[in-house]
> 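Once you've had a glance at the structure underneath, I'll fire off some questions.
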Amino acid sequence: MGVAQVALVAASSVLAAITSLFAIAEPNADRDLKFVESVVFNTSLNEFDRSRFTWRRQQPWFDWTTDGCSVPIIGNDGRSFNFAAACRRHDFGYRNLKLLDRRYNCAGLTPGSICRNDSWSYGQFWNAEQRSRIDEQFQRDMFASCTTRARTRRVRCEAWAITFFQSVRTIGGP
């Protein structure tokens with residue numbers, strides 16, 4: 001078996017294992033957290049980008065929306081960088097840890113009650129440690145995308161990665 005075939009079999013096995021673990025529809029906080037963490041921290045960025053539409057069909061209650069890098073004027077890409085996939089995964093991490101807090105920490109409230117775990121509060125799932133982990137993964141993803149650039153553009157790409165990372169740490173919310 002060639003290297004490409006081995007890689008394809010390995011990637012298919014990982015994808016099958018991840019999706020079979022999380023195919024149950026019953027709400028389960030531990031399982032849902034494991035899914036989010038496996039997608040954000042244990043899946044390559046290329047695999048995330050290739051599989052997100054399949055996962056979206058299999059796991060429809062997760063928040064798969066994205067606004068890209070939401071950087072006015074600059075956007076997701078430029079001459080020396082393209083951080084679109086890194087931004088999509090970063091959005092997935094932020095949005096879904098907040099979603100887990102709303103789903104599991106606000107469950108059981110009486111109708112009309114206000115959930116105190118709104119999108120900017122810290123809780124069991126969305127907290128300073130998890131936010132930092134997601135931001136650090138975002139930085140690794142951006143730097144990894146820079147390695148595919150020509151040497152002359154790589155330094156500029158890495159400078160943009162640092163700028164995006166510092167921005168998200170400074171103004172990206174709690």
Side-chain angles (χ1 to χ4, degrees), residues 11 14-15 17-19 21-22 27-52 55-56 59 61-78 80-107 114-149 154-174:
V14 168
L15 178 60
I18 289 173
T19 55
L21 281 173
F22 306 106
N28 180 301
D30 290 334
R31 185 199 62 237
D32 292 344
L33 177 61
K34 285 178 185 175
F35 178 74
V36 172
E37 288 185 335
S38 72
V39 168
V40 175
F41 304 117
N42 300 326
T43 304
S44 73
L45 186 59
N46 288 335
E47 182 67 26
F48 169 79
D49 225 29
R50 277 192 310 270
S51 301
R52 64 191 169 93
W55 290 336
R56 183 182 201 158
Q59 303 293 334
W61 87 266
F62 285 101
D63 186 346
W64 295 94
T65 63
T66 183
D67 59 1
C69 293
S70 61
V71 180
I73 301 170
I74 299 168
N76 297 330
D77 60 352
S80 62
F81 68 94
N82 183 341
F83 299 145
C87 293
R88 283 190 290 271
R89 176 150 68 179
H90 187 256
D91 284 349
F92 178 84
Y94 266 40
R95 290 170 187 202
N96 284 289
L97 289 177
K98 292 174 185 179
L99 179 68
L100 292 179
D101 263 341
R102 286 192 307 273
R103 184 173 196 182
Y104 295 111
N105 292 336
C106 296
I114 297 173
C115 177
R116 296 292 175 207
N117 277 342
D118 63 16
S119 64
W120 290 110
S121 66
Y122 285 110
Q124 176 183 355
F125 302 100
W126 176 246
N127 54 51
E129 179 185 342
Q130 286 287 57
R131 177 179 173 247
S132 179
R133 288 181 67 210
I134 292 170
D135 291 348
E136 288 166 8
Q137 183 64 50
F138 179 50
Q139 184 178 41
R140 285 190 298 273
D141 288 344
M142 289 186 294
F143 276 119
S145 78
C146 290
T147 64
T148 65
R149 301 288 177 200
R154 192 172 306 147
V155 172
R156 283 181 278 176
C157 182
E158 290 171 352
W160 279 112
I162 292 167
T163 302
F164 275 56
F165 175 75
Q166 289 174 339
S167 296
V168 82
R169 291 302 300 159
T170 302
I171 59 174

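Note that the structure is predicted; figures quoted are calculated from it, not measured. We're numbering straight along the sequence, starting at 1.
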> Against the six-membered ring of F41, is R133 placed for a cation-pi contact (under 6.0 Å from the centre, within 45° of the normal)?
yes
> Are side-chain heavy atoms of L100 and W126 found at a separation under 4.5 Å?
no
> Do any N or O atoms from the side chain of N96 and from the backbone of D63 form a donor-acceptor pair under 3.5 angstrom?
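Yes.
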> When the ring planes of Y104 and F125 are compared, do they come out parallel, tilted or perpendicular, using 30° and 60° as the limits?
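Y104 vs F125 ring planes: tilted.
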> Would you check if I162 and M142 make a side-chain contact, meaning some heavy-atom pair closer than 4.5 Å?
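Of all side-chain heavy-atom pairs linking M142 with I162, none is under 4.5 Å.
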> State which residue, out of T65, T66, D49, fulfils the side-chain hydrogen bond (donor to acceptor under 3.5 Å, both in side chains) condition with R88.
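Considering T65, T66, D49, a side-chain hydrogen bond (donor to acceptor under 3.5 Å, both in side chains) with R88 is found only for D49.
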> Verify, without hydrogens or angle tests, whether S132 (side chain) and E129 (backbone) share a donor-acceptor contact under 3.5 angstrom.
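Side chain of S132 to backbone of E129, a donor-acceptor pair under 3.5 Å: no, none is there.
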> Please evaluate residues K34 and D30 with respect to the criterion salt bridge (charged side-chain N to carboxylate O under 4.0 Å, His left out), reporting the C-alpha separation (whole Å), side-chain torsions for both, the decisive distance (0.1 Å), and the verdict.
CA-CA 6 Å; K34 285 178 185 175; D30 290 334; over 6 Å; no
> Hey, what's the ring geometry for W55 with W64, parallel, tilted or perpendicular (30° and 60° as the breaks)?
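Ring orientation of W55 relative to W64: tilted.
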> Which atom pair, heavy atoms only, marks the closest approach of I134 to H90?
CG2-CD2, 3.5 Å
> When you measure from the side chain of R131 to the backbone N and O of R169, does any donor-acceptor pair fall under 3.5 Å?
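Answer holds: yes.
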> Using every non-hydrogen atom in the two residues, find where R156 and S80 come nearest and quote the distance to one decimal.
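Answer, listing the atom of R156 first, then S80: CB-OG, 3.6 Å.
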> Go through the side-chain N and O atoms of Q137 and D141 and say whether any donor and acceptor fall under 3.5 Å apart.
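Looking only at side-chain atoms, D141 and Q137 do form a donor-acceptor pair, the distance falling under 3.5 Å.
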> Could you tell me whether a side-chain N or O of D101 sits under 3.5 Å from a main-chain N or O of Q124, the two making a donor and an acceptor?
yes
> So do the side chains of T163 and F81 get within less than 4.5 Å of each other, counting heavy atoms only?
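Side chain of T163 against side chain of F81, heavy atoms only: no contact under 4.5 Å found.
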> Heavy atoms, side chains only, cut-off 4.5 Å: are E37 and Q130 in contact?
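Result yes, sub-4.5 Å side-chain heavy-atom pair found.
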> Does C87 reach the side chain of F138, with side-chain heavy atoms less than 4.5 Å apart?
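They are in side-chain contact.
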> Do the rings of F164 and W160 sit parallel, tilted or perpendicular, given the 30° and 60° boundaries?
perpendicular
> Between C146 and F83, which heavy-atom pair has the shortest distance, and what is it?
SG-CE2, 4.0 Å
> In terms of side-chain geometry, is the basic nitrogen of R95 or D67 positioned less than 4.0 Å from the acidic oxygen of its partner?
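D67 and R95: salt-bridged.
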> Going from CD on E158 to CZ on F165, what distance comes out if it is rounded to the nearest 0.5 angstrom?
14.5 Å
> Indicate yes or no: does D32 engage R103 in a salt bridge with an N to O separation below 4.0 Å.
yes
> What class does the angle between the rings of F92 and F35 fall in, given that below 30° is parallel, 30 to 60° is tilted and above 60° is perpendicular?
perpendicular
> Would you say Y94 and D135 are linked by a side-chain donor-acceptor pair, where the criterion is simply a distance under 3.5 Å?
yes
